[in-house]
Amino acid sequence: MTAEPDGPEGRLRRFATIWSRAVFPVTSTSLTRPEFEERLLPLARRLSDALRARSFDADEARAVGAALIEAHCTDPEALTRTLDCVDAYLVLYCGEDGPQDELRMRSSRVQHSMAAGFAQALRERTLAEQEAIAQAALLAQGVVAQALHASEARFRAVFEGAAIGIGIADLAGNVLQVNGALLRMFGGSEQSLLGRNVMEWTHPEDAPQTWRLYDELVRGDREHYHVEKAFNRTDGTVLWTNLTVSLLRDADGRPQYQLALMEDTTERRLLNLRLRYEATHDALTGLPNRTLFFERLEKALAAGEGQRFGLCYLDLDGFKTINDSLGHAAGDRLLVEVADRLQSCATAPGEMVARLGGDEFVALTTGPGTEREVDELADRIMHALVTPISIDGRELLVRGSIGIVEGPAGERTPAEVLRSADITMYRAKSAGGNRSELADPEADARAITRHGLTTALPAALDRGEFFIEYQPLVHLGDGSVRGAEALVRWLHPQHGVLGPDRFIPLAEHTGLIVPLGRWVLEESVRQARDWRERHDRAADGPLRINVNLSPCQLTHPGLVQDTVEILERAGVAPDSLCLEVTESALIGADDALLKPLRRLAEMGVDIALDDFGTGYSNLANLRRLPVSILKLDRSFTQSMQQFPADPVDLKIVEGIVSLAHSLDLAVTVEGVETGAQAEQLRILGCDTAQGWYYARPGPPDRLHDLALVDATG
């Protein structure tokens, strides 16, 4: 059964047909074009499989390139036409319905590996021909006396029929004989080459050892050598070759001639240069890409003593908004214009600009005086972005944040330098953007630690690395323990015990605060039940547990349901729980945000307004908030640690307490550290307090002991 024309096999056949038609005219084969197509069909199938494979196999693509040599496609033009065909048609006919961007990237890798396999196979074939020619030449010399005519005929057949260029010269370097292939390479007549001296073919691109090896050979100290060498043609173009030169000796072993075998690698070199350019330059802007930038940075960091480097890491501010509002095409045009402006900023020796990806660019400067040069480079970049960019009739203002890293070569790796620049750039962006910042090792260390903590947070919760300490809440009137605030801690494997200020902001940023907060609430409510069971608090009511709620938890739809389930599962009454919410979280809160707090308050859960006095809220708003407790920030009471206290602070606290009590709100004060402070707050009418004067945060058993002493004392 034949494949349907539009099925996978039919599309594969069409690809093989196009391929064979492109390559057949430059192939030395006795096959007909249809026969040649049948030979290419299995190779096309291998390319199709490599394109769609789960993981890319470079060896498979290299094998296809090598198979072209076996099919006598040895002309470099055959490779060029093959790569053009693969680039234009492989994804179209063999990609099926896969993601086009990924398939295009895979196709580029297939082409690169095919070219490498083709070049390697052609090189091996050429070397084999060279060896055969050299053996034939030596054999012809060795049997001159016995069969001069037959030997000369064999040598002449090899000499004239070889696909590679062959030349013979005497030890003085004068060219004696050349074959047709060599004449075609140089593009001249036989008379233009015969009699010339090989020393005339020096070229600026010659490797340093080329002529040293030549001298050793003509002296008889070396039998052969192999180099890559360039020659100037008569028309002014450059011929690149793989050159092998061998020494021919006479019957007595004395050096007599030199034999040169040349393989034309010009087209292959141009192809490799093209592939190299595509692999090291950004397709959109034409700037060097991440690969080439890292090569240059590695070289700069490996420079000798006294050399320095400076790097500017630029990220455009608000580029995502441009993409989202005007479309990606407009965003691409903006990036091209920015790239052109940046390129004009780095024209001095030792300077380069590259695009790392997206809207991120880097500028590098090297030399002994980069302390000043990198600042000037950053200033030029910021100045280049001042002029608006016109896109589709719109004038777009472009802003950028730059992180600058400068220092001596040899002290840091490229990855460390780029990480420092990235951290510094985000520091500039956090400070408002449209500015540059200089790298600071201490800030880098803090950012790296912060990143490590962020990535470790999810696993830390699963591994049970968090624990809770409790700080007692004491009634200022009689000194009794009325409850405790739950304070979460992280026992980090490397950093030890971390306070909430080190990881709570990270948990809020990543969203992990919701499961972490639920765990804290569960553990705290369970502890409240244990305290209730361990001693009778009938006189003053049960010990109350205070738990902090973050802004993220306030907006989580499961807050009320989770709280109800936790209380019911533990068998704890709602009035044993107080949820603390910071004043800043409720500034300007609408009814939707306050609704879950109102529901919890209606159930009997106390709501405390934490850090009161730091959020600059309108005091009239207290009437609409479902709170029953004001928790006064410690900044108002610090002066009371000394005697006499600041009269202004006394008046402020007295006014807040009076206002709170008029609204039926209790007042709790945190940060109490001295007896004089506690007494003054009692006189002012505050209800409860907490602080180191009473006890530092500690394990739950310590609070139980304090409450027990209070009950029996």
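Note that the numbering runs from 1 along the sequence shown for the chain. Side chains included, hydrogens not; waters and symmetry mates left out as well; all remaining heavy atoms used.
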inquiry  = Assess the residue pair Asp392 and Arg333 against the criterion (salt bridge (Lys or Arg N to Asp or Glu O under 4.0 Å)); give the C-alpha distance rounded to whole Å, side-chain angles, the decisive distance to 0.1 Å, and a yes or no.
reply    = CA-CA 10 Å; Asp392 293 337; Arg333 291 198 294 275; 2.6 Å; yes

Could you check whether [Y] and [X], counting side-chain N and O atoms only, form a donor-acceptor pair closer than 3.5 Å?
| X | Y | result |
| --- | --- | --- |
| Glu437 | Thr424 | no |
| Thr202 | Trp211 | no |
| Arg394 | Ser390 | no |
| Tyr214 | Gln258 | yes |
| Asp324 | Thr321 | no |
| Asp317 | Ser401 | yes |

inquiry  = Suppose we screen for ring-ring contact (aromatic ring centres under 6.0 Å, His included). Which residues come up paired with Phe503, at least two apart in sequence or across chains?
reply    = Phe466, Trp490

ask   = For Trp519, which residues count as a ring-ring contact (aromatic ring centres under 6.0 Å, His included) partner, sequence neighbours excluded?
value =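 Result, ring-ring contact (aromatic ring centres under 6.0 Å, His included) vs Trp519: none returned.
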
Lys/Arg N to Asp/Glu carboxylate O, [X] vs [Y], below 4.0 Å:
| X | Y | value |
| --- | --- | --- |
| Arg372 | Asp375 | no |
| Glu360 | Arg355 | no |
| Arg276 | Glu295 | yes |

Single hit among Lys429, Arg399, Arg427 for salt bridge (charged side-chain N to carboxylate O under 4.0 Å, His left out) with Asp315 =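 Of all the options given, the one that passes is Lys429.
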
Test of understanding: with side chain to side chain donor-acceptor pair (under 3.5 Å), list the residues that count as partners of [X], not counting sequence neighbours.
| X | result |
| --- | --- |
| Asp235 | Thr237 |
| Gln494 | none |
| Gln120 | Glu124 |
| Glu205 | none |

task = Would you indicate whether His224, at its atom NE2, is surrounded by more than 12 heavy atoms from other residues, nucleotides or ligands within a distance under 6.0 Å?
result = no

query = With side chains defined as the heavy atoms from C-beta onward, is the minimum distance between Thr366 and Arg308 less than 4.5 Å?
reply = no

Side chains of Thr126 and Asn242 in contact at under 4.5 Å (non-hydrogen atoms) =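 A side-chain contact is absent here, since even the closest heavy-atom pair is not under 4.5 Å.
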
task = Take Glu77 and Arg81 through the salt bridge (Lys or Arg N to Asp or Glu O under 4.0 Å) test and state the conclusion after the steps.
result = CA-CA 6 Å; Glu77 179 65 21; Arg81 295 188 180 191; 3.1 Å; yes

